[in-house]
Novice: 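Questions regarding the structure given below will be posed in turn.
Values in this document were obtained by computation on a predicted structure and should not be read as measured data.
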Amino acid sequence: MSADVAVIGAGAAGLVTARELHRGGFRPVVFEQSNDVGGIWVYDEHVEDDALGLASSRHVFSSLYPSLRTNLPRHLMAFMDFPFDARGGGEDDWPEYPHHTLVRTYLERFARHFDLAQFIRFGERVVSVAPDGTRWRVATQSASGQSADVFDSVVVANGHYSAPRVPDLPGLATLGEHAVHSHNYRGPEPYRDLRVAVWGTAASGADIAMEIGKCARSVHWCGDAFAERTGTVTPWGATLCASPVHADGNRLGLADGTHIEIDRFVFCTGYRYTFDFLGDGLIDVTDNYVHPLYREILAASHPRLAFIGIPFLVVPFPLFEMQARWLVHFLSHPDDLPSADIMLEDIRSHEAKLEAEGVRRRHFHKLAEKQEAYYNQLANECGQPPLPGWFQALANEAQAARMANPSGFRDTPLKTTPPG
């Protein structure tokens, strides 16, 4: 069935969605507010005038820092039918953990190889999405003014790594300009010879704590994950600490009752899901949980509104690809989709299971070790093959290398490679 589908964003999720829609006989129109493909992988050296990214007059989309390399092997990151080597969008001599500029090159080659530019309207920012009878009205803003178009379906693929999440910290205001979110971090030099606290234990927290540690007077790396290891000093000189619970100028109180003296504070505390362009009542975001979404993709009460790329702590590009294929299958076969009531009941059951496991609501979209089962569930429901054996073997090998050598895993050779 041919139909017009709006796709919001020309990052990896939007690009692969456009390709799958076109392959499925749909007419995609991709709205991209910038003039480039690549989304979060398009580096911007500028930072915002509010270092925490909460009240900036000029929003910067990029959250990359100059030194950033992937924390996943490139063969794992690639779309399943477009390798990250000379057979697809990469080069055989690229590092296994490539610099962010090479990921952007890969995505540009993906767009060029599949002729996706024909579907993209660059320089158009989506300002509103609202139902229009049985269809959807999408209003955009560009240099030439505002315009609006009507579509049969809308796919939101705008990413979720550009709106900083800053946890409530009593006394935060006393830190003043000395507090920054990693969204606005662009290098270690401003921290030279200073006492620095870094809060957050995910990839950006690890990278930034290590990088700042090379020039700072001291680094205190804070997080709940370190509660049983406080006082331990990492090989690169950072001291592990409990999470902060209050700030008073340059004095930071920690959850274990201790205090540290600091000159700078870096929040590596993640990002918020934001959909300011969506009309009221279409979707809710509660404590960073986007709901109600069936299979993390379809708005259960509005099944012609979909989201690609919501789950986190995943291998993103292959997951986006399978989500897009699942979506195209059910857009093509709407009678195969469960009723809204059944979808909502499935969502409630999933939420209850996560709550029973003690998962925080803001982690409901966190897949981690559950991502293989999720990928294979989608594949089974849309008639696609499951993850190949080499994929999980490489993922396990990469994870083991990272655990064994947190500061040098990117330069540790890996044995597992995809066939061919």
Novice: Do Phe275 and His160 pass the ring-ring contact (aromatic ring centres under 6.0 Å, His included) test, and can you show the C-alpha distance, the side-chain angles, and the key distance before you say yes or no?
Specialist: CA-CA 10 Å; Phe275 312 104; His160 50 86; 9.0 Å; no
Novice: Where the side chain of Asn376 meets the backbone of Pro386, is there a donor-acceptor pair that is under 3.5 Å apart?
Specialist: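 Looks like no, no N/O pair under 3.5 Å.
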Novice: Side chains of Asp341 and Ser339: any donor to acceptor distance under 3.5 Å?
Specialist: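 No pair is found: no donor N or O on one side chain lies under 3.5 Å from an acceptor on the other.
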Novice: Give a yes or no on whether a salt bridge exists between Glu357 and Lys366, defined as a side-chain N under 4.0 angstrom from a carboxylate O.
Specialist: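 Here Glu357 does not pair with Lys366 in a salt bridge, since their nearest N and O are not under 4.0 Å apart.
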Novice: Would you confirm whether Asp50, through its side chain, and Ala55, through its main-chain N or O, come within 3.5 Å as a donor-acceptor pair?
Specialist: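 Yes; judged by distance alone, with no hydrogens or angles, the pair exists.
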Novice: Can you tell me if CZ on Arg217 sees more than 12 non-hydrogen neighbours from other groups inside 6.0 Å?
Specialist: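 Count not over threshold, so no.
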Novice: Test the Arg19-Phe114 pair against the cation-pi criterion, namely NZ or CZ under 6.0 angstrom from the six-membered ring centroid and within 45° of the ring axis.
Specialist: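 Yes, a cation-pi geometry holds between Arg19 and Phe114.
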Novice: For Thr232 and Leu240, indicate whether the former's side chain and the latter's backbone hold a donor-acceptor pair under 3.5 Å.
Specialist: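 Looks like no, no N/O pair under 3.5 Å.
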Novice: Roughly how far apart are Asp85 CG and Asp92 CG, rounded to 0.5 Å?
Specialist: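 CG of Asp92 is found 5.0 Å from CG of Asp85.
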Novice: What do the steps show when you test His259 against His246 for ring-ring contact (aromatic ring centres under 6.0 Å, His included), and what is the final call?
Specialist: CA-CA 10 Å; His259 293 80; His246 65 85; 5.6 Å; yes
Novice: Do you know the tightest heavy-atom contact between Arg186 and Pro66?
Specialist: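 Looking at all heavy atoms of both residues, the closest pair is O-CD, 3.1 Å.
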Novice: Do Thr416 and Trp390 get their side chains close enough for a donor-acceptor pair, meaning under 3.5 Å?
Specialist: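 Judged by distance alone, the side chains do not pair up.
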Novice: Looking only at the side chains, is there a donor atom on one of Glu48 and His183 sitting less than 3.5 Å from an acceptor on the other?
Specialist: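 His183 and Glu48 do have a side-chain donor-acceptor pair below 3.5 Å.
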Novice: One pair to check against side-chain hydrogen bond (donor to acceptor under 3.5 Å, both in side chains): Thr174 and Asp248. What are the steps and the verdict?
Specialist: CA-CA 6 Å; Thr174 67; Asp248 183 9; 4.9 Å; no
Novice: Could you walk me through whether Val47 and Val180 satisfy the side-chain contact (heavy atoms from CB on, under 4.5 Å) test, starting with their C-alpha distance in whole Å, then the side-chain angles of each, then the deciding distance to 0.1 Å, before giving a yes or no?
Specialist: CA-CA 10 Å; Val47 296; Val180 62; over 6 Å; no
Novice: Does one side chain, of Glu351 or Tyr289, offer a donor that lies under 3.5 Å from an acceptor on the other?
Specialist: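 The criterion, which ignores hydrogens and geometry beyond distance, is satisfied for Tyr289 and Glu351.
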Novice: Kindly give the heavy-atom pair with the smallest separation between Leu387 and Tyr375, and that separation in Å.
Specialist: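 In this case the closest contact between Leu387 and Tyr375 is CG-CD2, 3.3 Å.
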Novice: Taking atom types as modelled, find out whether His75 and Thr417 have a side-chain donor-acceptor pair closer than 3.5 angstrom.
Specialist: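 No, because no side-chain N or O of His75 sits under 3.5 Å from a partner of the opposite role on Thr417.
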Novice: Can you tell whether the side chains of Asp346 and Arg295 come within less than 4.0 Å, N to carboxylate O?
Specialist: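 Counted as a salt bridge, because a side-chain N and a carboxylate O are separated by less than 4.0 Å.
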Novice: Do any N or O atoms from the side chain of Thr17 and from the backbone of Ala324 form a donor-acceptor pair under 3.5 angstrom?
Specialist: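 Judged by distance alone, no pair lies under 3.5 Å.
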Novice: Mind listing the closest non-hydrogen atom pair of His365 and Asn288 along with its distance?
Specialist: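 Smallest interatomic distance, heavy atoms only, reads CD2-O, 3.8 Å.
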Novice: What is the distance from atom CG of Asp149 to atom OG1 of Thr140, rounded to the nearest 0.5 Å?
Specialist: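 Asp149 atom CG to Thr140 atom OG1 measures 6.5 Å (nearest 0.5 Å).
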Novice: Do Tyr65 and Glu211 pass the side-chain hydrogen bond (donor to acceptor under 3.5 Å, both in side chains) test, and can you show the C-alpha distance, the side-chain angles, and the key distance before you say yes or no?
Specialist: CA-CA 11 Å; Tyr65 34 95; Glu211 188 165 83; over 6 Å; no
Novice: Let me see the working for Asp284 and Thr286 under side-chain hydrogen bond (donor to acceptor under 3.5 Å, both in side chains), right down to the final yes or no.
Specialist: CA-CA 6 Å; Asp284 288 318; Thr286 308; 5.7 Å; no
Novice: Less than 4.0 Å between a side-chain N and a carboxylate O, is that true for Glu108 and Arg112?
Specialist: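 No salt bridge links Arg112 with Glu108.
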Novice: Taking atom types as modelled, find out whether Tyr374 and Glu296 have a side-chain donor-acceptor pair closer than 3.5 angstrom.
Specialist: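 No.
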Novice: Check Glu96 with Arg410, please: is the shortest side-chain N to carboxylate O separation under 4.0 Å?
Specialist: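 Salt bridge: no.
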